[in-house]
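Sequence lines set the chain letters: A, B, ... in the order given, protein chains first and strands last, and positions in each chain run from 1. Because only heavy atoms are used, hydrogens play no part in the values below, and waters and symmetry mates are left out as well, while side chains stay in. Keep in mind the model is a prediction, meaning the values are calculated, not measured.
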Amino acid sequence: MNAPIIDPLQGDFPEVIEEYLEHGVMKCIAFNRRGTLLAAGCADGSCIIWDFETRGIAKELHDKDCVAAITSVCWSKDGHCILVSAADKSLTLWDVVSGEKITRTTLQQTPLQARLHPGSAKSLCLACPLSSAPMIVDLNTGSTTVLPVSVSDTGAGLPPPSRNKFSDGSPPFTPTAACFNKYGDLVYVGNSKGEILIVDHKNKQVRAVVPISGGSVIKNIVFSRNGQYLLTNSNDRTIRIYENLLPLKDGLKVLDELSTSCDEVDEAEKLKAVGSKCLALFREFQDSITKIHWKVPCFSGDGEWVVGGSASKGEHKIYIWDRAGHLVKILEGPKEALIDLAWHPVHPIVVSVSLTGLVYIWAKDYTENWSAFAPDFKELEENEEYIEREDEFDLMPETEKVKDTDVNEDDEVDIMTVENESVFSDSDMSQEELCFLPAVPCPDVPEQQDKCVGSTSKLTDSNHSGSPLSEEAGQNGQAMNHASSPVEGNIILF
Amino acid sequence: MASGGGGSNPLPYRPYRLLRTLAAHDRAVSCVKFSSDGTLLASASLDKTLIVWSSQTLTLKSRLVGHSGGISDLAWSSDSHYICSASDDLTLRIWDAQSAECVKTLRGHTDLVFCVNFNPQSNLIVSGSFDETVKIWDAKTGRPLHTIAAHSMPVTSVHFNRDGSLIVSGSHDGSCKIWASDTGALLKTLIEVNGPAISFAKFSPNGKYILVATLDDTLKLWNYSTGKSLKIYTGHVNKVYCIASAFSVTYGKYIVSGSEDNCVYVWDLQGKNPLQKLEGHTDTVISVSCHPNENKIASAGLDGDRTVRIWVQDT
């Protein structure tokens, strides 16, 4: 809506820490689809939902069953549910508005990552456990379907032969990365042999294979929001971007066609031939000097930027590249190792989590836009030669300011029609999307009372966000006062 | 949702007539607003109280008492549960409209608070004051998130746009400015400081245009992206007071405003011609509000009148 008057000259990526959020020890974060709410999973098993506009806590999801540290958080597409995976091998689906648990299942192993199927059903999810193959879990029945991670698999989840084996002969399994494509009909798996497998999860079949040169273990695999680019992060310290050549919907149909039209007899070669038509390597990113192991790489909301984090030697660094591969920025935070990262779906804002449990918000460094101060002021990118008219500076006795006559005052003005924002035009949901949680004003405590009115929260930290680089001392002062009067802020009225 | 395709307003104008006069305030009524769902009507007065009326039966439901100074403006939250009032006692108060209790008091301004509005998500409140600043508050905790040194004279009007990303502010210093609600940064100066004092400014329902009232008897509709004024509405009297105006979109598209000649004026939005003058108030009509779903207008009169009047269309 405000796009026409925002200055397009400044680059669209964050530059400095604007603020940090503190509440317990947060471990992983996820934005909802519009970026109005930020969910953070904590070490104590609860999940905090922050209202990103006010930087205050909108809701806390917790109950007595959830006490183990959260390993990942995922929003449903319509924003009504959150899927949380925890260190006690459980997956919990929460209803955001009511704050109630919908369902909970326990797996055989701790899932490091759990992603809800992008469809509207909200019953299927993809879980990547600590050391076994990724699986599709039906949250309602608890049944799990293990996905094949290698071409030799028949779908029974047999581990591939590996160089090192445990003393009892069972092969160790490195965590395999996996993600849904945009509409969830396919799962892209990155295995320990450095291959990307395109899997039809309904039939547990590998439909295509894309080997990565060097064959090193794939640690992360993630799609851009528009489903057109795929990113892999491998043990060889390289991030690779692939262009998705399959159509966003009907990918299976195209795979069928490619398969039948392929002449290869050998099954493995056939899959590779099909794979070469599904993904095309676009760019590779690595830091050739320091050879950093990248953590949590992902795309920006519009897919224009790629961001990767580094926690080597306990640092908190965020690298930003444009999609063409140029490094545009390195953001350096305090000496607290970075453990999670997310780019805001719409704004040029990055949120990172440090080992100490704080969430840092990185945003553009706001500079005064001089053209905002006068209505007819225009900013120039560079000096322009101006050649004035012959009589421009002459004083004329009857000069009257000529009114702009280029506006036809009889034209119709439409004050009602709203244009759909193109960013969210891929909405195909029947249920109304949840964009924000209603803000219930917390009642003031009468000033005369000395003791605290009973706080229902077991956490001692009150809801407080601080701005270490804030220019507004008044605001900072308020935040400080806030911390010393723990009654406000943590009382949830729902 | 767009108004008729070709040329002029296809709907013939149906005049409004007085339905009821509500007299319950002891001093001038400064503001009147229908709730977002249309079930309630709130009025604010210099007698330091607000009254919540049922908009169906037009009976008094509750009186909100607590301010120690006259109230200049009020705003409803989007779920029609909360009312925020701006008062001469330097504070804003958030009231629960159902229970009639004051839930929160927002302190921070150093002079009379003159105007207030919720954002559509109702997690933020914006206020403008005689201390020349615009403040953005967190509605839940009451914390002031941003204090903007917005103008060089009292701020007379503040309003959020449709998605809550922008705030427009108008001031006696003659300038109308647009701010980003997340950072408090100035995005555009729509009208420069040279001109007549701005008494009121608000966004159109789709957030593309801004209706600005100036103390030279003029109302203008601006396209803020191009910075051009598209329509001018005149015929009323507005030289002294900050008279609130409104868009009426439930029947045809009209601009409704109060006036210092004690009447409510209705103009055709496209044709700019005055369609009706509603007479009845005995003092300046300071505020008007259009019902969100029905063809109903509420208006408020100053000290010589002290009433809220409800106008409906002839059937």
Task: Segment of B/D96 engaging chain A (4.5 angstrom heavy-atom cut-off) - done: neither
TODO: Give a yes or no answer on whether the side chain of B/D268 reaches the backbone of B/N273 with a donor-acceptor pair at less than 3.5 Å.
DONE: no
Open item on the list: Measuring from atom CH2 of A/W75 to atom CZ of A/R33, what distance do you get when rounded to the nearest 0.5 angstrom?
Closed with: 13.0 Å
- [ ] Please answer whether the main-chain N or O of B/I191 pairs with a side-chain N or O of B/T189 as donor and acceptor at a distance below 3.5 Å.
- [x] no
Open item on the list: Quick check on B/L190 against chain A: is it the side chain, the backbone, both or neither that has a heavy atom closer than 4.5 Å?
Closed with: backbone
- [ ] Name the region of B/T105, side chain, backbone, both or neither, that has any atom closer than 4.5 Å to a heavy atom of chain A.
- [x] both
TODO: Could you tell me whether the side chains of B/K220 and B/S229 share a donor-acceptor contact shorter than 3.5 Å?
DONE: no
Open item on the list: Under 4.5 Å from any heavy atom of chain A, what part of B/K177 do you find: side chain, backbone, both or neither?
Closed with: neither
Open item on the list: Below 4.5 Å, heavy-atom pairs only: which of B/C102, B/A139, B/G227 has the largest tally toward chain A?
Closed with: B/A139
Task: Between B/S129 and B/D111: side-chain donor-acceptor atoms closer than 3.5 Å - done: no
Open item on the list: If only side-chain N and O atoms count, and only distance matters, is there a donor-acceptor pair under 3.5 Å linking B/H151 with B/S169?
Closed with: yes
Task: Side chain, backbone, both or neither of B/L221 within contact of chain A (heavy atoms, under 4.5 Å) - done: side chain
Open item on the list: Is B/F247 in contact with chain A via its backbone, its side chain, both, or neither, using a 4.5 Å heavy-atom distance?
Closed with: side chain
Task: Which of B/K272, B/H81, B/E101 touches chain A most, by non-hydrogen pairs under 4.5 Å - done: B/K272
